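Working notes, beginning with the structure itself.
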Amino acid sequence: MRISELVEQKPYSVSFEVFPPKTQDTVESVTTAARKIADLDPVFMSVTYGAGGGTSDYTVAVAKDLQDNKGIPMMAHLTCITSDRARIRDQLQKLQDAGIRNILALRGDIPEGFEPTELHYRHAIELVKEIKAFDDSFCVAGACYPEAHPEAATEAEDIARLKEKVDAGLDFLVTQMFFDNAVFYSYMYRLREAGIQVPVHPGIMPIVNAAQVKRTLKLSGSQLPQRFRRIIDTFGNDPAAMRQAGIAYATDQIIDLFANGFRTVHVYSMNNPTVAAAIMDNLRDIIK
């Protein structure tokens, strides 16, 4: 089922992102974790696609396994920066053959030293157009950045480029993680002012240990509000307390988003079924 239609049937819902195994040796552990998250009955799940194709060989397999064996609607990430058009069309055919009807279209990070040729994609907008040309029945989502894409010269430029991507055929958007809902609400106002009217699914990452913080902020470009910095300062050296506080903080963000009219939240689970289960348990009387 197309995710854009599925979420409209739910008053409030949570989806989870998982990442596929990097090597054959990790297939069993990753599959087990992903299936445990699927058992929580999220509205849908997404499976990442490694930069440079690092985990891409497993993306379709994991998505198909969860959709076929757990009955969870799946969205496969598709990253284009290091792929030529033949490879992308091959991947689209594999998704089509596997019955995966939902794609998160991404440019991806540019590997150090990589120089794209005329055969490669340079922007996600090109990928969106390629997907729609291949099969217009795919439900296609795109990424957006409440604190602006790290490579954008200005926030206005970032939103203008996003508008082009939406106009190319996106059905909805999923945000990069953020830790301050006020930043997200301000961003939403600017998107609507720019004429971007597709649904936006806020992206939330539970920070459950202090070691996550530096890497998470580097990857996402997000900023930590002072409120959360105090939580890390207070509980960061106590793993159990930090885990509980991080889950509570993410839950609080989600509840606030629901209360402000956002019905579907996408949680970056880091393949951690225990954290995913704790969040769903906290929301058990809201998501029915």
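Basis for what follows: all heavy atoms, side chains included, without hydrogens, waters or symmetry-related copies. Fair warning: this is a prediction, and the values are worked out from it, not measured in the lab.
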Note: [X]-[Y] ion pair, threshold 4.0 Å (strictly below):
| X | Y | answer |
| --- | --- | --- |
| Asp90 | Lys94 | yes |
| Asp135 | Arg101 | yes |
| Arg161 | Glu151 | no |
| Lys163 | Asp167 | yes |
| Arg107 | Glu126 | no |

Min side-chain heavy-atom separation [X]-[Y] under 4.5 Å:
| X | Y | answer |
| --- | --- | --- |
| Leu162 | Leu173 | yes |
| Met75 | Glu17 | no |
| Val200 | Val174 | no |
| His77 | Thr59 | no |
| Phe184 | Leu257 | yes |
| Leu224 | Ile232 | yes |
| Thr264 | His266 | no |
| Met74 | Val47 | yes |

Rounded to the nearest 0.5 Å, what separation is found between the [atom1] atom of [X] and the [atom2] atom of [Y]?
| X | Y | atom1 | atom2 | value |
| --- | --- | --- | --- | --- |
| Leu170 | Cys139 | CG | SG | 9.5 Å |
| Ile37 | Thr274 | CD1 | OG1 | 9.0 Å |
| Ser186 | Leu191 | OG | CG | 9.5 Å |
| Ile287 | Lys10 | CD1 | NZ | 10.0 Å |
| Asp39 | Leu66 | CG | CG | 9.5 Å |
| Ile286 | Ile255 | CD1 | CD1 | 4.0 Å |

Discussion item. So if I apply the side chain to side chain contact (heavy atoms under 4.5 Å, CB included) rule between Leu92 and each of Ile131, Leu127, Asp97, Ile100, which one comes out positive?
Written reply: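 Answer to the side chain to side chain contact (heavy atoms under 4.5 Å, CB included) test with Leu92 among Ile131, Leu127, Asp97, Ile100: Ile131.
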Donor-acceptor under 3.5 Å ([X] side chain, [Y] main chain):
| X | Y | value |
| --- | --- | --- |
| Lys132 | Phe138 | yes |
| Asn282 | Ala248 | no |
| Thr175 | Gly203 | yes |
| Arg192 | Ile196 | yes |
| Lys165 | Ala143 | yes |
| Arg229 | Gln226 | no |

Closest contact, heavy atoms only, [X] versus [Y]:
| X | Y | result |
| --- | --- | --- |
| Ala124 | Ala105 | CB-O, 4.2 Å |
| Tyr249 | Phe179 | OH-O, 2.6 Å |
| Asp158 | Ala148 | OD2-CA, 3.4 Å |
| Asp171 | Ser4 | CB-CB, 4.1 Å |
| Gly99 | Gln67 | O-NE2, 2.8 Å |
| Ile125 | Ala168 | CG1-CB, 3.9 Å |

Item to complete: Report the C-alpha distance between Gln244 and Phe235 in whole Å, list the side-chain angles of each, state the deciding distance to 0.1 Å, and finish with yes or no for side chain to side chain contact (heavy atoms under 4.5 Å, CB included).
Response: CA-CA 9 Å; Gln244 185 176 48; Phe235 303 112; over 6 Å; no
Practice prompt. Could you walk me through whether Val18 and Met45 pass side chain to side chain contact (heavy atoms under 4.5 Å, CB included), step by step?
Written response: CA-CA 7 Å; Val18 297; Met45 292 172 64; 3.7 Å; yes
Item to complete: Taking ring pair (Phe, Tyr, Trp, His ring centres under 6.0 Å) as the test, write out the residues that go with Tyr187, two or more places apart.
Response: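 Testing Tyr187 for ring pair (Phe, Tyr, Trp, His ring centres under 6.0 Å), a comparison that skips the adjacent residues, returns none.
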Same cluster for [X] and [Y] if Ile/Leu/Val/Met/Phe/Trp/Tyr side chains link at under 4.5 Å?
| X | Y | result |
| --- | --- | --- |
| Val267 | Val30 | no |
| Ile204 | Met280 | yes |
| Met177 | Val183 | no |

Practice prompt. Could you check Arg87 against Asp84 for salt bridge (charged side-chain N to carboxylate O under 4.0 Å, His left out), going step by step and ending with a plain yes or no?
Written response: CA-CA 6 Å; Arg87 178 174 173 79; Asp84 60 26; over 6 Å; no
Discussion item. Pair Arg35, Lys70 - check side chain to side chain contact (heavy atoms under 4.5 Å, CB included), show working.
Written reply: CA-CA 7 Å; Arg35 288 179 175 179; Lys70 292 295 182 178; 3.8 Å; yes
Discussion item. Filter on ring-ring contact (aromatic ring centres under 6.0 Å, His included), then keep only pairs touching residues 148-170, sequence neighbours left out; what's left?
Written reply: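 Matches after skipping sequence neighbours: Tyr145-His149.
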Worksheet entry | Residues Glu130, Arg89; criterion salt bridge (charged side-chain N to carboxylate O under 4.0 Å, His left out); working and verdict | CA-CA 8 Å; Glu130 188 77 52; Arg89 293 188 192 108; 3.2 Å; yes
Worksheet entry | His201 and Phe172 aromatic ring geometry - parallel, tilted or perpendicular at 30°/60° bounds |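 The rings of Phe172 and His201 lie parallel, inter-plane angle below 30°.
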Item to complete: Assess whether atom CD of Glu28 is packed by more than 12 heavy atoms of other residues, nucleotides or ligands within 6.0 Å.
Response: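 Result for CD/Glu28: open.
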Discussion item. If you apply the rule side chain to side chain contact (heavy atoms under 4.5 Å, CB included), what do you find for Met270 with Val275, and how did you get there?
Written reply: CA-CA 9 Å; Met270 301 300 291; Val275 172; over 6 Å; no
Item to complete: Could you list the residues that satisfy side-chain contact (heavy atoms from CB on, under 4.5 Å) with Val27, not counting sequence neighbours?
Response: Pro21, Gln24, Thr31, Tyr58
